[in-house]
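Order of appearance sets the numbers: ligands from 1, and atoms from 1 within every ligand. The figures here come from the full heavy-atom set of this structure, side chains too, leaving out hydrogens, waters and symmetry mates.
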Amino acid sequence: MKGLMMDYQLTLQPILQRGYRLFPKKEIASKFGDTMHRYTYADFYGRVGQLANALTKLGVNKGDRIGTFAWNSYRHLELYFGVPCMGAVVHTLNLRLPPDQLAYIVNHAEDQIIFVDNSLVPLLERVAGELKTVKHYVIMGDVAETSLPNTLSYEDLIGAESADFAWPQLDENDAAGMCYTSGTTGNPKGALYSHRAIFLHTMGLSLTDTAGLSERDVVMPVVPMFHAMAWGLPFAATYLGSKLVFPGAHMQPQDLAGLIQDERVTLAAGVPSLWFGLQTLLEQGGYDTSSVRAMIVGGSAAPRSMIEGFEKNFGIPILHAWGMTEMTPLGTVANLKSYMDEWPDDERYAVRAKQGIAVPGVELRGIDENGDEIPWDGKTMGELQVRGPWIIRAYYQDERSENAFMNGWFRTGDVVTIDPEGYVQIVDRTKDLVKSGGEWISTVDLENAIMAHPDVLEASVIAVPHPKWVERPLAIVVTRPDLDTPLEKEAIYAMLSAEFAKWQLPDDIVFIDEIPKTSVGKFDKKVLRAQFQDYKLPTA
Ligand code: ADP
């Protein structure tokens with residue numbers, strides 16, 4: 001039966017309104033060099049209204065895509081709300097994409113305007129000649145000489161407008177945001193998010209058994225706002241009135257530790273590679289991080305050694321989470337169930353190093369090569385598939401959508417086991433697994449084990465072609481810079497042998513200075529594979 005309940009549309013407008021009406025005094029702090037920009041949700045709301053008026057004057061229509069090319073800051077937050085709440089679509093552009101892919105996504109999305117941080121103008125200038133649909137470039141911050149055509153100044157643009165804006169009635173199924181995946185081979189694929197998806201994701205993310213966000217939190221999204229909507233944190237913080245802290249372009253360990261200390265951050269979020277550096281810095285002492293109640297780590301596997309290290313050495317609990325751009329992005333979190341509190345340390349850490357259980361709102365299953373569902377035994381491997389109200393139904397105008405879904409489920413491309421308690425463990429991305437003879441070897445397991453060595457900073461394991469076994473694992477390791485005696489391969493092998501069968505061990509271990517990272521800070525196996533494609537294994 002229709003019409004039982006009010007016709008209440010789940011859009012970003014009530015999220016924006018709630019932040020403003022109930023928490024006008026709460027602060028939003030953004031780092032710019034040595035200074036902090038501070039204002040309140042009341043100031044923010046006024047400027048969002050000015051922005052909406054300015055967009056209307058620029059002729060922006062409902063559904064138009066508006067690009068952002070920016071670090072995490074208050075202006076980016078204004079775009080996160082101003083654009084969708086006036087009916088257009090905020091398309092966050094990944095500023096670390098190679099130029100050809102950046103041009104591809106702007107053209108594919110047909111962005112009408114790009115809002116760009118002044119410090120990032122040179123990056124955009126490199127591709128501006130290729131961008132076919134962009135009518136204006138709006139520069140945020142001081143405007144300097146630029147070769148970008150049709151530039152406007154953000155502050156001049158909105159400064160001329162009234163803060164009052166007549167917000168239009170929107171449908172919850174209207175598009176609100178857009179983001180392209182970065183880790184794929186070939187061109188990036190677009191995910192177009194509806195208002196409803198973001199609204200429901202905001203609620204799901206905020207639940208106590210998810211990240212448990214609260215007005216009392218001081219939230220620092222280190223995960224870039226150009227990556228998977230900063231995991232939805234800007235929306236949840238605004239809805240609940242949490243103080244927001246934006247690091248801007250400043251993401252060195254010293255910057256993050258300083259912000260945590262000075263702003264009394266309670267909840268930070270980012271990919272593991274960021275936190276490795278922070279861990280090394282905090283070991284040297286000198287920072288007060290006692291305010292942190294949780295650090296959300298996702299995007300790549302958080303090694304157990306890292307989860308244990310942060311908790312035991314600095315009293316910082318890590319909340320391990322898994323998600324995807326295609327999922328707005330949250331899928332699972334590794335909170336313990338109540339009765340697990342009684343479990344021995346070892347077992348509890350083992351659970352928390354898994355990717356976790358499905359958050360309310362997401363359903364998941366594992367599917368084997370025959371298309372059958374895998375048992376939840378913690379051993380059988382299968383592809384993780386998901387469904388739920390914040391998961392895309394297709395990629396945006398992309399024929400690659402065809403292979404990405406199976407009977408209403410989204411195929412994640414992640415190979416997993418699911419244990420009897422429902423905790424998912426990512427074994428690998430399908431394309432990263434090492435196929436050795438008839439057996440699969442998980443590169444993630446090996447990486448986590450190697451990174452548990454106290455002398456190791458980063459480790460990545462890739463498949464290298466092998467004449468007999470088709471592929472064999474090669475470990476690539478970065479050691480800590482301050483070692484008195486260099487780390488030998490033998491020490492790593494000795495440690496791995498305790499945990500892995502002989503056939504699972506890497507055929508060789510090489511030491512390099514730094515592991516290449518993807519545009520969102522993950523270990524870039526594509527680059528490593530290319531770099532080591534002709535590597536001659538000692539066993540070959
Ligand atoms: P991209 O595809 O651009 O790297 P995404 O963030 O959408 O960006 O990547 C999603 C993928 O990242 C997942 O399919 C999974 O392989 C990996 N991933 C995300 N979170 C985790 C995690 N906690 N542990 C292991 N892998 C993860």
Practice prompt. Run the salt-bridge test on D209 and K337 with the 4.0 Å N-O cut-off and return the result as yes or no.
Written response: no

Discussion item. Pairs of nitrogen or oxygen atoms closer than 3.5 Å, one from M324 and one from ligand 1: do any exist?
Written reply: no

Practice prompt. Could you check W322 against D414 for side-chain hydrogen bond (donor to acceptor under 3.5 Å, both in side chains), going step by step and ending with a plain yes or no?
Written response: CA-CA 11 Å; W322 165 89; D414 285 331; 2.9 Å; yes

Worksheet item: Does any N or O atom in A302 lie less than 3.5 angstrom from one in ligand 1, N or O only?
Response: no

Worksheet item: Using heavy atoms and a threshold below 4.0 Å, how should the contact between T325 and ligand 1 be classified: side chain, backbone, both, or neither?
Response: both

Item to complete: Check for a donor-acceptor pair, side chain of K435 on one end and backbone N or O of V470 on the other, with a separation under 3.5 Å.
Response: no

Fill in: Nearest heavy-atom neighbours spanning S30 and Y74
OG-N, 3.1 Å

Discussion item. For atom 2 (O) of ligand 1, which of the options E326, K522, R429, K189 provides the nearest non-hydrogen atom?
Written reply: R429

Practice prompt. Within a distance under 4.0 Å of any heavy atom of W322, pick out the atoms of ligand 1 and give their elements.
Written response: 13 (C), 15 (C), 18 (N), 19 (C), 20 (N), 21 (C), 23 (N), 27 (C)

Worksheet entry | Nearest non-hydrogen partners of M451 and V456, listed with the distance | CA-CG1, 4.1 Å

Discussion item. Contact between ligand 1 and S300 is defined here as a heavy atom of the residue under 4.0 Å from a ligand atom; is it met?
Written reply: yes

Worksheet item: For atom 20 (N) of ligand 1, which of S519, G331, P188, G299 has the closest heavy atom?
Response: G299

Worksheet item: Can you find a non-hydrogen atom of A228 under 4.0 Å from ligand 1?
Response: no

Item to complete: Examine H108 together with Y180 and report whether their ring centres are nearer than 6.0 Å.
Response: yes

Worksheet item: Do any N/O atoms on V520 end up under 3.5 angstrom from N/O atoms on ligand 1?
Response: no

Item to complete: Answer with yes or no whether H227 contacts ligand 1, where contact means a heavy atom under 4.0 Å from a ligand atom.
Response: yes

